[in-house]
Amino acid sequence: MLSEEERKEIEAEAGQYDRKEAGSVEALKVVQRHRGWVSDEAIRDISAALDMTPDELDAVATFYSFIFRREVGRNLILVCDSVACYVMGYQGVLDSIKEKLGIDLGGTTEDRRFTLLPISCLGQCDKAPAIMINEDIYGNLGPEMLDSILSRYK
Amino acid sequence: MIELTINGIKVQTPPKTTILQAALANGIYIPHLCWDRRLTPYGGCRLCLVEVEGQKKLFAACSSPAENNMVVHTETPKLEKARKTVLELLLVHHPLDCPICDKAGECELQELAFKYGPAESRFAAERKHDPESLAAPLIERNPNRCILCGKCVRVCREHQGVGAINLLGRGFKSKVSPAFEETLDCEFCGQCVDACPVGALGTKPFRYRSRVWFLEDKENICPYCGVGCTTTLSLREGKIVRARGIDGTGINEGDLCPRGRFGFDYIESEHRLTTPLIRKEGNLQPATWEEALGYISERLSEIKSRFGAETIGAIGSERCSVEDNYMLKKFMDALGSKNIDSRAHFGYGKISEALKKAFNIRALPVELNAPLKADVLFVLESDLTSTHPIYGLKVLAAKRDLGATLLVADPKQTKLARWATRWMRIKPATGAALVNGIMKAMLDEGIYDKKAEGTHGFDALKEALAKYTPEKVSEITGISADEIRNAAKTLASARNPMLFASIGSSENTKGTGTMLALMDLCLLLGRGPEALGLPAEFADTLGMLEAGVRPEGGLNVEDMLYRPNLRALYIMGENPAVTFPDAAKAEEVLKGIEFLVVQDILLTETAQMAHVVLPAASWAEKEGFFVGATGKPQKFIKCLPETGSSMPDWQILRNLGRLMQLDMGAKDEEGLDAEIANHLSLCFREQAAASFVPVEQAEMEMPDSGHPLILATGILMQHSGSLTTISKNISSAIADAYIQVNPRDAKTYGVVDEKFTKITAKDGASIYVKAKVTDEVPEGMLFVPAHFAHARVNLLTKPSANGEAPTVAVKIEGA
């Protein structure tokens, strides 16, 4: 079941277009903003609200890497693996995060504090290697800086 | 017309067509994998690339409009190179498991790779190793072979109006799947399988059955509903191993429904009758044809001489051929009895009766493509995409592809209701009242066609409609008066309106009155019968009626089966004990009949009560004509030898007639062919004469506090009568009756989804079926399909003496 708030926000998004399904990506983002991810049940509910079939909306949802179809942690770590970061020390940063959190790319810590994901480019090539946690960007990283950065996220 | 040059040949093509369409229509082949005549262009496979003079880049012919004076080349070295690369890329991930792929030999990718493709690839890449999806009934999916052309997804959504599958994921991980990668649970029409250019989708009954080059294909007419589709049967060593719709073939042009694609295997049921049976010492025992026919001849002659021919009756079949029914009629004529009727009495017979009153015609063939020419389509309480799937698709196409307005009045959320421009969710069996209300609104606002005033009965209509004010009708139907007025306005403003309804013999929410109301509306719109789409139910319903299997001056099925009027009854291809309403009463009367002969392909519940049972050859084991809803005789052919010693129905009757020394006319097959040809040429020649016949909203049984729900019985898209229930293929998809209950009713009466539920009628008769809790049905209404013998739905139903909707009020409780 969509919450009252979610339903209102979805309707507002969908109402901007001639056809409700044009608001599908925004609707998925609404639910993800409220719940952190989009479950199968949520797909069914949103698709009904947008006059779509569940398979259509699932096709949209699974197309976008950042619509999460599995539960993720409270904080999202995105490690840039594009060329500039790659040559400037990506591997060391990634290995260090993996070791500290005990998870692999795509994994979530048991306490649901972090989920670790790759990203193709953060646009921070001048400050490579870079990562993004939630909405915050960190550049010119070295493995030794990670403890203090990670400690800011609970 | 647009004129362009393709490969040096000047061709013409209508406006708004593409280069590909122009080329194909003029016999120029351009390779393509993702294009389908029925679908919007997709431009995904990039194989249909062509060169256009004066343009630098290559054009995808499937999605480039043809333009005047265009000069197009479809085979050049540049194109060959491009196509080779496209194929090379398509084959990068393709498993090349052709030796074990059922599609090999008729695979479009295989053929194109053979024609253009490089023998070696410059690319090395990962191949997919997804498991096949075999859990769903009838349809198998192998994602590894998929080239992601999306044809299946689009045919399901765009053409079939379902949307059960989609392309999930992105890039290498993309695959065709239902939402959440669940097991496929859809209509199982199999249109996606025929659309698939490779072996990614297949039908399970054909899995590993044969290499396609060992198959012999035969085009035959589908034996199920009235549409009369051509289904292409593939035979291997004397067995039908699959059925397909081939693009452009038959009046269905390649579309098929679950029945036509999967229902063919009923003929090889292990329960088929192989020899005549005679009841001796209480049991049915095998006998020779001579014994059986001799015995029938003796008993019928005896009954005729002692009690008169008027104590003998016959029931024909809407599934048998024109020849079979023609011969049955001749046999009864020769015996001297006019007692001949069929199950159509409960179905198309009601439409026929209404036609007789309103237009003075007996039958009204439909034109399959007529819906495509209409701008406003009104469907009254009829689930056309289930009862006549391919005809229903045309209604859908008119709305979706051609922008027509689709008005659907139905309590049930049918597929057409989901796609409708406006869905009027009326209470069950209130169709006549709704139409009366619409007509009243038109009269009030003066928006009817003025030439209707000159039609006979106009004043009587006006008077009768006085009380059907939109407000009053709103009370009866449960929809608002404004909705009724809007429907009236929409219909009145139509340039070319069409009105649709069907009555299946197992449907109980419509009657002669409903049809008459619709015909009145048709006349009030200033239209004739051509604006009515009232398709006949089965493959040979019209053929049977025209062959004379209808009660003219004799007893009808109600007189024969619900009242003890007969001494002897001859039933051909019908199973009244299960498929007729009030089965208990019919069974009682059947048991009391002195001499019962049943001629069928199986030992049906009715046959088990017979004194003599005769084995008949089934469809595909004999040839003959069907005259379905379109009124056009279509010849079906013999593909297989008869089962056991069974014989075509008409031959049995001819032999019996000979034995009884009756004059049956034709002496041999050629003689019969000539007689039938002559007979068919005389069908549907009646001249229509229109008159208004006002009707009242009538229901047989109204719900009350003790029995608060209306039970609607009806037809599923996957099934046809009880015949499909012996098809293993179809049964693998739906094998059991269920009752649809609205969630609110379920809560009120303690009914739980998937659990058995007791349904009790006013006379105390009750059945148990599993509940399906769904808002497809409104509060106060239950829906149960009537196909399944063991569910005994017809213990609850009743025939209706006056042809009205024989609704049933029931109560339900969780069991």
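Just so we're on the same page: letters track the sequence lines, and every chain starts at 1.
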So, do B/Lys128 and B/Phe172 sit near enough that their side-chain heavy atoms are less than 4.5 Å apart?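 Answer yes - side chains close enough.
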Need one label for A/Arg69: side chain, backbone, both or neither, based on atoms under 4.5 Å from any heavy atom in chain B.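 A/Arg69 touches chain B through side-chain heavy atoms alone.
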Please flag which part of A/Ser47 lies under 4.5 Å from any non-hydrogen atom of chain B: side chain, backbone, both or neither.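 Neither the backbone nor the side chain of A/Ser47 comes within 4.5 Å of chain B.
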With a 4.5 angstrom heavy-atom cut-off, which part of B/Arg157 approaches chain A: side chain, backbone, both or neither?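 Contact with chain A is through the side chain of B/Arg157 alone.
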Does any heavy atom of chain A fall under 4.5 Å from the side chain of B/Val162, the backbone, both, or neither of them?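 Just the backbone, heavy atoms under 4.5 Å.
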Do we see a donor-acceptor contact under 3.5 Å between the side chains of B/Asp36 and B/His159?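 B/His159 and B/Asp36 do not have a side-chain donor-acceptor pair below 3.5 Å.
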Does a side chain donor of either B/Thr490 or B/Arg422 reach within less than 3.5 Å of an acceptor in the other side chain?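 Yes, side-chain donor-acceptor contact under 3.5 Å.
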Test B/Gln160 against every option in B/Pro389, B/Cys189, B/Cys186, B/Cys192 by the side-chain contact (heavy atoms from CB on, under 4.5 Å) rule and name the one that passes.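 Per the side-chain contact (heavy atoms from CB on, under 4.5 Å) rule, the option paired with B/Gln160 is B/Cys189, out of B/Pro389, B/Cys189, B/Cys186, B/Cys192.
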Out of A/Leu50, A/Ile10, A/Ile46, which one pairs with A/Ser24 under the side-chain contact (heavy atoms from CB on, under 4.5 Å) rule?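 Of A/Leu50, A/Ile10, A/Ile46, side-chain contact (heavy atoms from CB on, under 4.5 Å) with A/Ser24 is met by A/Leu50 alone.
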For chain B, find which of A/Asp55, A/Leu57, A/Val60, A/Asp51 contributes the most heavy-atom pairs closer than 4.5 angstrom.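 Between A/Asp55, A/Leu57, A/Val60, A/Asp51, the count favours A/Asp55.
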